[in-house]
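First the structure, in the form of structure tokens, and then the observations on it.
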Amino acid sequence: MHNKSIYKLLLLIGTIALLTSCDKDFNQIGSEVIGDDHFGLIKDDSQTVLAYNIATGQVETSNQPINSLGYYNNPFFGKTKASVVTQVLLDTVNPTIGTNPTVTKVELSLPYFSRLISRDATSGDSTYELDSIQGFNVVNDKKVFNKIKLSIYENNYTLRDLDASLNFLDVQRYYSGETSVFDTYKNPIRLNDDSNLSQNDEFIYSSAEIKTYKTVDGAQVVDTRSVPGMRIKLRNDFFQNKLFGTGAAGKLFNNSIFKDYFRGLYFKVDASPASPNQGSMSLLNFKQGKIIVTYNITVTSSSGVVSTKERKFAISLGGNSVNLLENDYSNEYNSGLASNSNATTGAYNLFPKGGEGSMSIIKLFGDQDVRGYSSTGTPTVGPNGIPDELDDLRNPSDGKKILVNEANLTFYVDKDKMTGAAEPNRIYLYDLNNHRPIIDYYTDYSVSQNSKNNKFVFGGLIEKDAATSAYNKRGIKYKIRLTNHMINLISKDSTNVRLGLVVTESIGIASNSKLRSATSVTNPFNKYPTAAIYNPLGTVLFGNNIPSTDPNYAKRLKLEIYYTKPN
């Protein structure tokens, strides 16, 4: 009897699993179809889509995982300067310094995002390509980045952990538009004042491998190799006084004391005199930065011989940070936002722009709501809080419920407006009402060698033309799948939330940051996707409100639903 019961239980579990699998397989038919052949499915692209723009205003940029640093002049959007303020932390607290410390060298290092291209088997030299940097010319099919003016100062403004105005019950937030505050409190002495202009006024992002050398048998040989990154010489006298001067007594005991004493560094960027109209902008992880202070101490041997000994002192770019953004946006972008912000008619163009920029709001099925349906499917008069188009899909006139196989939103690039402009690799569609991803994001486990291209079934990745050079390829469109979202709307009566469209730098980051003007009439939302903040790029897309006589009418934003009906 016991064995028969186990057999029956296993048979029941197997049957349930088979039915569940069949149901899942049916609902996913079409969602894995990448091409345009939908095998006889019914296509419906007649539903209303309203899409319009809003400016974000200042965005929270405190403690971002990635920061922008540089100056970039986008041919359509205009100019942006991105600076960074970061705290510093002792690698070793309460260190033993030694006698008569004298600073001989101070070097700041910060790696860039890069990938290895090749390594020479004879010399051991490596060739790298930099990633996540905009603003370059192509010379012999290689990127040559434009110069910027980089000034590093001591920051004297306290970056607090908790907000005093909220009785220290919430974290302290800092915003993109607070440049004037940190300018006021910076120490005016420029720390990177080396006579080599590549260290400051003509700073340039370089893909060269970083090598140090040592002397062996009278010859210079490579000692260490490092990936491309920033190597900046800082003033010896500043660190001599800051770390070993009379005012430093007791300040190195722990990092709480040290952070209040040495409040960090301010990386301030301007246009370089050598490249005033176009610079470059990089994404950087400042927490990987390090300051190495090399100093000598006096050592007396047991026999009374006095000599010097070299030591090193390490400081990390850790703790709180703020990304400061200064924008001089173009008249075309500003006027485009103003004329494409009508929530009733929708927009001709959409302008998702990262940083302190703009986003698009999308409403599926329009606003018309003059009728509804009873629980038995009988039409009723009067609004019911659900757009009529969605009501009709839920209650088809022939009584046959539709089975959604795939649903997409396709956004075509306005190539004329984006001529010569760098294009974001990806856009991101999310539930704006609840500030979270839509279900298709969560149910997509597809992965790529490049993590930025993960969740490629959910989509949003740019599709480019077939230009000969990779650097000349231009964007055609972005496609986002919302199949499961549509299934929930039509078959499960889910709420028809507004959707937000932004650029993204990392599809794996779905967290949000605050907007400073969250209570304004034009932007009633108080959060913004974090990964959109540290993507400095933007794109111009075609919206829904394009006249039928317009040559770009076929590129208007449409919702495509592919479905079947039972016999």
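Because the structure is predicted, anything quoted here is derived from the model rather than measured.
Checking each of Val457, Asn454, Asn453 against Ser446 for a side-chain contact (heavy atoms from CB on, under 4.5 Å) leaves exactly one that passes, namely Val457. Considering Thr294, Asp237, Val293, Leu234 as possible partners of Val103, the one that fulfils the side-chain contact (heavy atoms from CB on, under 4.5 Å) test is Val293.
With sequence neighbours excluded, the residues forming a side chain to side chain contact (heavy atoms under 4.5 Å, CB included) with Gln199 are Asp194, Asn196, Ile232, Lys233, listed by chain and number. Residues passing the side chain to side chain contact (heavy atoms under 4.5 Å, CB included) test with Asn67, sequence neighbours excluded: Gln64, Val84, Phe286, Ser321, Asn323. Under the side chain to side chain contact (heavy atoms under 4.5 Å, CB included) criterion, Pro424 pairs with Tyr478, Val503, Asn535, Leu537, Thr539, sequence neighbours left out. Residues meeting the ring pair (Phe, Tyr, Trp, His ring centres under 6.0 Å) test with Tyr112, sequence neighbours left out: Tyr205. Residues that satisfy the ring pair (Phe, Tyr, Trp, His ring centres under 6.0 Å) test with Phe458, not counting sequence neighbours, are Tyr441. For Ala421, the side chain to side chain contact (heavy atoms under 4.5 Å, CB included) test picks out Asn74, Pro75, Met418, with sequence neighbours left out. Applying the ring pair (Phe, Tyr, Trp, His ring centres under 6.0 Å) criterion to Phe244, with sequence neighbours excluded, gives Tyr295. In this view, Gln240 satisfies the side chain to side chain donor-acceptor pair (under 3.5 Å) rule with no residue, not counting sequence neighbours. Here Phe182 pairs with Tyr157 under the ring pair (Phe, Tyr, Trp, His ring centres under 6.0 Å) rule; sequence neighbours left out.
In this structure, Lys143 forms a cation-pi arrangement with Phe136, its terminal cationic atom sitting closer than 6.0 Å to the ring centre and no more than 45° off the ring axis. With a 6.0 Å cutoff to the six-membered ring centre and a 45° limit on the axis angle, Lys251 does not count as a cation-pi contact of Phe258.
Among pairs with a residue in residues 421-434, those fulfilling salt bridge (charged side-chain N to carboxylate O under 4.0 Å, His left out) read Glu423-Arg474, Asp431-Arg436, at least two apart in sequence or across chains. Residue pairs meeting the salt bridge (charged side-chain N to carboxylate O under 4.0 Å, His left out) criterion with at least one partner in residues 164-174, sequence neighbours excluded, are Glu60-Arg173, Asp170-Arg173. Sorted by first then second residue, the side-chain hydrogen bond (donor to acceptor under 3.5 Å, both in side chains) pairs that include residues 270-283, not counting sequence neighbours, are Lys81-Asp270.
Checking Thr61 against Ser176 by side-chain atom types alone, no donor-acceptor pair falls below 3.5 Å. With 3.5 Å as the limit, one finds a donor-acceptor pair spanning the side chains of Asn349 and Asp414. Asp91 and Ser316 form a side-chain donor-acceptor contact under 3.5 Å, judged by distance and modelled atom types alone. Of the N and O atoms on the side chains of Asn156 and Arg263, not one donor lies less than 3.5 Å from an acceptor on the other residue. No hydrogens or angles considered: nothing links the side chains of Tyr348 and Asn544 as a donor-acceptor pair under 3.5 Å.
The existence of a salt bridge linking Lys79 and Glu326 is excluded, since no basic side-chain nitrogen approaches an acidic carboxylate oxygen closer than 4.0 Å. With salt bridges taken as basic N to acidic carboxylate O contacts below 4.0 Å, none links Lys477 and Asp465. The existence of a salt bridge linking Asp163 and Arg160 is excluded, since no basic side-chain nitrogen approaches an acidic carboxylate oxygen closer than 4.0 Å. Ion pairing between Lys452 and Glu505 holds under the 4.0 Å rule for side-chain N and carboxylate O. For the pair Asp193 and Arg235, the salt-bridge criterion is met [side-chain N within less than 4.0 Å of a carboxylate O].
Counting non-hydrogen atoms of other residues, nucleotides and ligands closer than 6.0 Å to CZ of Phe113 gives a total above 12. Within a 6.0 Å radius of NZ in Lys415, more than 12 heavy atoms belonging to other residues, nucleotides or ligands are found. The local environment of CZ in Arg115 is sparse, with at most 12 non-hydrogen atoms from other residues, nucleotides or ligands closer than 6.0 Å.
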Can you check side-chain hydrogen bond (donor to acceptor under 3.5 Å, both in side chains) on Ser358 and Asn53, steps first, answer last? CA-CA 7 Å; Ser358 53; Asn53 303 284; 5.7 Å; no

Determine whether Tyr333 and Phe77 satisfy the following criterion, ring pair (Phe, Tyr, Trp, His ring centres under 6.0 Å), listing intermediate values before the conclusion. CA-CA 5 Å; Tyr333 172 46; Phe77 291 96; 4.8 Å; yes

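A distance of 9.5 Å separates CG of Leu191 from CZ of Phe267, quoted to the nearest 0.5 Å.
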